[in-house]
Amino acid sequence: MRNHIVSKKHKTTNYLGASVVTAAVLLTTPLMLNAEATTVLDKIDVVEVEKNDYTEKYKVDKSSSSKITQDLVDTPQTIQVITKKVMDEQQATTLQEALRNTPGITLNLGENGNTNSKDNINMRGFDVQGSIFKDGIRDLTNAAKDMYNTEAVEVTKGAVGSDNGRGVSSGYINQVTKTAKNVDEVSGTVGYSTAKNARLTADLNKALNETTGVRLNVMKQKGEVAGRDEVEIDRTGIAASVAFGIGTASRTTINYEHTIQDDVPDGGIPTVGLDGLNQKVDSSTFYGSVNDFEESTSDTFTVKFEQDFASNSTFSNTMRYGKTRQEMLLTSPFNYDSTANTVDRRLHARWQENELLTNQSNIKTEFKTGMLIHNVSTGVEITKENQLTKNYASQTAQITDLYNPTAISWNDLTFSGQKSDGETTTIGAYLFDSISIGEKFILTGGGRFDRYETTNDVVSNTLVASTLEDDGHLNSYKAGLVYKPLDNGSVYISRATTQLPPGGANFTLSSSATSANNADMEPQKSITDEIGTKWDLLNNRISLTTAIYKTVVENETMTEADGTTSQNGEKEVKGIEFGIVGDITDKWSMSAGLAKMDTEYTNSTSTSEGLSLRFAPEHTATLWTTYKFTPAFNLGAGARYVGTQEVKTSTTSTAPISKIEEYVVYDAMASYKYNKNITYQLNVYNLTDEEYVANMNNSGRRYTPGASRSGLLTFAYKF
């Protein structure tokens, strides 16, 4: 039996097909112009573009995004760049560890253990798992995102639909990958921690000639997790890059990355005792089974072409194909009885494959109209994304002692027949203009139009096959006015929007009338208003930023008093953020941030309205600072503070835990440069051995304890 359900929200047309043809013409036009203008291009003086130095600095001046045309100090938006220098000093090996350097971010474990994604990241009160990018392209990899091939992490906050199309209201995270250079360099690390965890990396770059280079990055990490029994990490990565035309008007870069993950996943521990009413379980206790595993393989292939034209114009085209396959068996504790001292353990198994094919074309140019100077960025993006998920047959939960769980095993996994095959095809076009009006004002604005088609083939638990479809368009914009009282500072006001259609976060549509993923639902809409100021001080060595913002999310599904479902729901997040990053002196560097936010269900059911959003603490702060006592000896220290987080979203919630208590974690680092080629570094994490909740699942029944105190000794080499 097969059901075919098509959204009534939009009339189905072949607009997308026509748009693809139109886009293809737009994309080939610059290439034809390039062929006709070869003799002219030979006469162009190549302008050396200032590159961000992610390796040697805390502070950078520009975003890697081609859609941001001004320096960061003149961009009316909150953007933080976490550089490789900071990540190296902290030995941050994953995206989550790198994001400890930005305030307003928390973590969670997903929906009741049905997912063990390593990137369930909340920012400004909202999940950004579906808004993580790599080089401006959506990253569908569902395994741990390792930093071995990453130059920097850019965190852009607020509604950003005009930048990327569909997205959540809190912003997006972009990873900047390493590419080949025209120099000879060899660097890497060998590290070992008290958690019996070893990590090796190597970064080799070879200049073939003045305009051509090749680069190879490799990584291997294997070992345990501090404070957790049985949990293991086993990851391998290799990334190759070749670049042609370095320093010339025509540049081509080809990148390939292959990663393998074979971990014993962490299902967490019961939340019993966190309320202070019962005895806590030992935070090192493993509630998993002997069968638990998480295997993931990811391949990404990217080709980028750039062509400089006269009049400060550049055309770029990026094509990427990526594929990730993940298989997982995770055992986690769920319901517990603190009177009988028992807990049931449940099997969560998943097979998932993500695939992405995209082509992005962009033109950046600068020109004058009268007294006005325009910096324009415009382009077209065509993307096809697919996610296939197969479910395994369920198995009966096993009950064990709450404080002394016994070893268990499961029967061999067999597919249940349930599956979800979701595919979204999108074509988007955008245009941004940043207009300098004299020396004091910059007016920025732009918008994006996306046309999408989503198809979801589903086989339900009754083995009934159905097809759900949705298509529509998304319109997003941003506008800002910047006033420059001095050359090194700015004061700004801005507004930006974004939209998230049904199935936009996970490619899964629903036939349920109460689901936000029902194809007849309108896209969720978000508006962010922001007022801020940015200053580059001490001869451009440090950046000071302050921003006050308000984000309103509309078209949320909610249950009305008469029991019907509507999209009248609304959420609101208001806050203020402070940031400082850079070199205060030649010896003293700092990266710090402080955030305060108030979250609220402003229009919701009677049991939720007025409550705060879950996993959205009112206060968060982060600090990392280093001081170079001698040219060879460097000492660093840092702290992370996360305030109380609400877990319940309703006054009738049955979650056993209502909140996560605040915590502070301190880290330290000391490095000694033995000679120009060799450096020894010692990192100590969680100096006070603080016991805290790193993340918790939505039901409030299990959590992952924060890593206990540990030390890491690293030998770094560079030639």
Side-chain angles (χ1 to χ4, degrees), residues 107-118 120 142 224-225 227-234 261-275 277-296 326-352 389-416 418 461 647 653-657 660 691 693-708:
L107 309 174
N108 63 69
L109 268 174
E111 182 61 38
N112 294 335
N114 294 326
T115 174
N116 195 46
S117 170
K118 299 298 187 299
N120 285 343
N142 49 14
E224 302 175 3
V225 175
R228 300 291 294 134
D229 293 343
E230 307 299 332
V231 180
E232 295 180 0
I233 294 173
D234 188 353
Q261 175 179 311
D262 187 9
D263 296 351
V264 175
D266 193 347
I269 65 177
T271 55
V272 61
L274 292 184
D275 54 7
L277 301 178
N278 297 284
Q279 178 187 347
K280 292 183 181 179
V281 300
D282 189 326
S283 61
S284 66
T285 306
F286 182 67
Y287 287 81
S289 76
V290 297
N291 311 107
D292 285 7
F293 72 94
E294 183 178 9
E295 297 176 355
S296 176
Q326 181 193 44
E327 297 180 65
M328 180 187 73
L329 189 164
L330 170 72
T331 304
S332 66
F334 195 69
N335 289 319
Y336 54 82
D337 186 334
S338 56
T339 301
N341 287 342
T342 59
V343 62
D344 66 30
R345 289 180 286 186
R346 303 187 180 186
L347 176 148
H348 305 284
R350 179 175 63 179
W351 185 101
Q352 188 174 87
T389 303
K390 298 179 182 180
N391 291 346
Y392 288 98
S394 61
Q395 298 185 36
T396 304
Q398 300 189 38
I399 298 177
T400 188
D401 186 278
L402 178 60
Y403 296 99
N404 188 27
T406 57
I408 63 168
S409 62
W410 301 100
N411 297 326
D412 291 341
L413 295 177
T414 58
F415 287 114
S416 65
Q418 294 177 256
N461 54 3
V647 176
S653 171
T654 58
I657 299 299
I660 300 174
E691 293 186 5
V693 175
N695 50 41
M696 185 179 291
N697 76 325
N698 288 344
S699 69
R701 289 179 168 83
R702 69 181 181 103
Y703 74 99
T704 304
S708 61

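Position 1 is the first residue of the sequence; numbering continues from there. Source: prediction; values computed, not measured.
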Is the count of non-hydrogen atoms from other residues, nucleotides or ligands lying under 6.0 Å from Q395 atom CD greater than 12? yes

Would you call the rings of W351 and F415 parallel, tilted or perpendicular, where under 30° means parallel and over 60° means perpendicular? perpendicular

Among N278, T271, T342, find the one that has a side-chain hydrogen bond (donor to acceptor under 3.5 Å, both in side chains) with Y336. T271

Side chains of V264 and R228: does their closest heavy-atom pair fall under 4.5 Å? no

Would you mind reporting whether P333 and T400 have side-chain heavy atoms less than 4.5 Å apart? no

Mind checking whether Y703 and I660 have side chains closer than 4.5 Å, heavy atoms only? no

side-chain hydrogen bond (donor to acceptor under 3.5 Å, both in side chains) with Q326: which of E294, Q352, Q261? E294

Side-chain (Y392) to main-chain (L329) donor-acceptor, under 3.5 angstrom: no

Strictly distance-based, threshold 3.5 Å: is any side-chain N or O of S416 a donor or acceptor partner for the main-chain N or O of N391? yes

Quick one: does any side-chain atom of D266 pair with a main-chain N or O of V231 as donor and acceptor, under 3.5 Å? no

Mind checking the NZ-OG1 spacing from K280 to T285? Nearest 0.5 Å is all I need. 13.0 Å

R350 side chain reached by L330 side chain, heavy atoms, under 4.5 Å: no

Criterion side chain to side chain contact (heavy atoms under 4.5 Å, CB included) on L402 and V272, from CA distance to verdict: CA-CA 9 Å; L402 178 60; V272 61; 4.0 Å; yes

Side chain D263, main chain D234, donor-acceptor under 3.5 Å: yes

Could you give me the CA-CA distance, side-chain angles and deciding distance for V290 and E230, then say whether side chain to side chain contact (heavy atoms under 4.5 Å, CB included) is met? CA-CA 9 Å; V290 297; E230 307 299 332; over 6 Å; no

Would you check if there is a donor-acceptor pair between the side chains of D292 and T331 at a distance under 3.5 Å? yes

How would you list all residue pairs meeting salt bridge (Lys or Arg N to Asp or Glu O under 4.0 Å) that involve residues 390-413, not counting sequence neighbours? none

